[in-house]
Enquirer: 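My questions all concern the structure below.
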Amino acid sequence: MRSPGVILLTGAGNGIGRATAIALARRGDRLGLIDRDERALASVVEELRSHRDAIAPRSADVTDLSAMRGAASEIEEVLGPVSVLVACAGVGGLTLLPDLDPGALRAMLDVNVVGVANAIDAVLPGMIARGAGHIVGVSSVAGYRGMPWMAAYSASKAALTTYLEGLRPALKRRGIGVTTVYPGFVRTAMTEGTPFRRPVSMMEPEQAARHLIRAIDRRPRDSTFPMGTALGMGLLRRMPNRLYDQMMDRAGPEALTVEF
Ligand SMILES: NC(=O)c1ccc[n+]([C@@H]2O[C@H](COP(=O)([O-])OP(=O)(O)OC[C@H]3O[C@@H](n4cnc5c(N)ncnc54)[C@H](OP(=O)(O)O)[C@@H]3O)[C@@H](O)[C@H]2O)c1
């Protein structure tokens, strides 16, 4: 597959972002790597030491616009113009009543929505000037509908999906494509320790990375994976509201070992 040029990847220190960074570097892509977790970022760089010349790591918090602009411009000075942004940094968490925890909702909206907007803002002037680029936003199937034990996370990913959809036509007119990615469950720190009542089938981060890289290469409008999740969640997404509510009334409490 032809190299897409310089790829800027947020959330590159852990989980899906880390696995994607490693796979992209090994196939010869040039990468700007951003994460707020400096130690995790350093360990990715150490793992990729034989690709050192093709990598520019920067520690930054995606919720800090000026830090993101600074990091993106430093990366471009080292590697050249960013042609693909993969906005993967995200935070999750459960919404377990009676503790509604609006602060957690705010944090998820800040990272999962505003953080993606900041990352786009940081690379957008260059992409517009060149009339080319590709923005890959990592949303989630949890944003297809309101998940009863993930109300805040679902809302943040639904907002991200809608935000990217809304931006798509204006970006397209400027030569910039938008791909929204919807992973199912992936075994990472984000899902670790979720008190599921029954074992839940999860992809490994390396499998998720392969799907993400296919989306980078093929530039579809949307990419949901794995296939089983795409089919199951696709049905749930189109289910009439009354039926969905009835199903969640039952399935919700059966999903977790804790009250919500
Ligand atoms: N795991 C799943 O089942 C799943 C399913 C669907 C979608 N997703 C999405 O996939 C993406 C990656 O998730 P993951 O499971 O790989 O999570 P992860 O293992 O927790 O990795 C996320 C990385 O992003 C970093 N990050 C978080 N907030 C940041 C910020 N404000 N600025 C910069 N970096 C930040 C994290 O740093 P810290 O460690 O310091 O937080 C971490 O290194 C997320 O957008 C997530 O919502 C995950």
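Order of appearance sets the numbers: ligands from 1, and atoms from 1 within every ligand. Worth knowing before you read on, the calculation uses all heavy atoms, side chains too, and leaves out hydrogens, waters and symmetry mates. Residue numbers run from 1 in the order of the sequence given.
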Enquirer: With atoms numbered from 1 as shown, which atoms in ligand 1 lie under 4.0 angstrom from a non-hydrogen atom of Gly15?
Expert: 16 (O), 19 (O)

Enquirer: Specify the closest pair of heavy atoms between Ala151 and Thr95, including all atoms of both residues, with the distance to one decimal.
Expert: N-OG1, 3.5 Å

Enquirer: Select the closest option to atom 20 (O) of ligand 1 among Met68, Arg39, Arg36, Met190, judged by heavy-atom distance.
Expert: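 Closest candidate by heavy-atom distance is Met190.
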
Enquirer: So is Arg187 in contact with ligand 1, going by heavy-atom distances below 4.0 Å?
Expert: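 The answer is no, since Arg187 has no heavy atom less than 4.0 Å from ligand 1.
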
Enquirer: Any heavy atom of Ala60 closer to ligand 1 than 4.0 angstrom?
Expert: yes

Enquirer: Measure Val111 to ligand 1 on non-hydrogen atoms and call it side chain, backbone, both or neither using the 4.0 Å cut-off.
Expert: side chain

Enquirer: Would you mind telling me if ligand 1 is within reach of the side chain of Thr191, the backbone, both or neither, using heavy atoms under 4.0 Å?
Expert: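 Thr191 to ligand 1: side-chain contact only, backbone stays beyond 4.0 Å.
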
Enquirer: Any N or O on Val186 sitting closer than 3.5 Å to an N or O of ligand 1?
Expert: yes

Enquirer: Heavy-atom distances under 4.0 Å decide this one: backbone, side chain, both or neither, for Thr10 against ligand 1?
Expert: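 Neither part.
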
Enquirer: Salt bridge check: are Arg26 and Glu47 linked by an N-O gap of less than 4.0 Å?
Expert: yes

Enquirer: Thinking salt bridges, do Asp37 and Arg18 make one under a 4.0 Å N-O criterion?
Expert: no

Enquirer: Going by the order shown, which atoms of ligand 1 are within less than 4.0 Å of some heavy atom of Phe185?
Expert: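 Atoms satisfying the 4.0 Å criterion: 3 (O).
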
Enquirer: Going by the order shown, which atoms of ligand 1 are within less than 4.0 Å of some heavy atom of Val62?
Expert: 30 (C), 31 (N), 32 (N), 33 (C)

Enquirer: For ligand 1, does Tyr153 get within less than 4.0 Å through its side chain, its backbone, both, or neither, judged by non-hydrogen atoms?
Expert: side chain

Enquirer: Indicate whether the side chain of Ser139 and that of Thr161 have a donor and an acceptor atom separated by less than 3.5 Å.
Expert: yes

Enquirer: Are Ser139 and ligand 1 in contact, using a heavy-atom cut-off of under 4.0 Å?
Expert: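 Judged by the 4.0 Å heavy-atom criterion, Ser139 does count as contacting ligand 1.
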
Enquirer: Can Thr229 and Tyr182 be counted as having a side-chain donor-acceptor contact under 3.5 angstrom?
Expert: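 Judged by distance alone, the side chains do not pair up.
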
Enquirer: Of Ala40, Cys88, Gly90, which has the heavy atom at the shortest distance from atom 11 (C) of ligand 1?
Expert: Cys88

Enquirer: Which of parallel (below 30°), tilted (30 to 60°) and perpendicular (above 60°) describes Trp149 and Phe196?
Expert: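 Aromatic pair Trp149/Phe196 classed perpendicular.
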
Enquirer: Quick test of your reading of the model: are Glu165 and Arg221 salt-bridged, counting only N-O distances below 4.0 Å?
Expert: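 A salt bridge links Glu165 with Arg221.
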
Enquirer: Are Asp217 and Arg219 ion-paired here, with the side-chain N under 4.0 Å from a carboxylate O?
Expert: no

Enquirer: Regarding atom 39 (O) of ligand 1: of the candidates Val116, Asn14, Val138, which has the closest heavy atom?
Expert: Asn14

Enquirer: Can you figure out which of Gly184, Ser140, Gly13, Ala189 has its heavy atom closest to atom 4 (C) of ligand 1?
Expert: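 Nearest heavy atom to atom 4 (C) of ligand 1 lies in Gly184.
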
Enquirer: With a 4.5 Å limit on heavy-atom distance, are the side chains of Val138 and Val116 in contact?
Expert: no

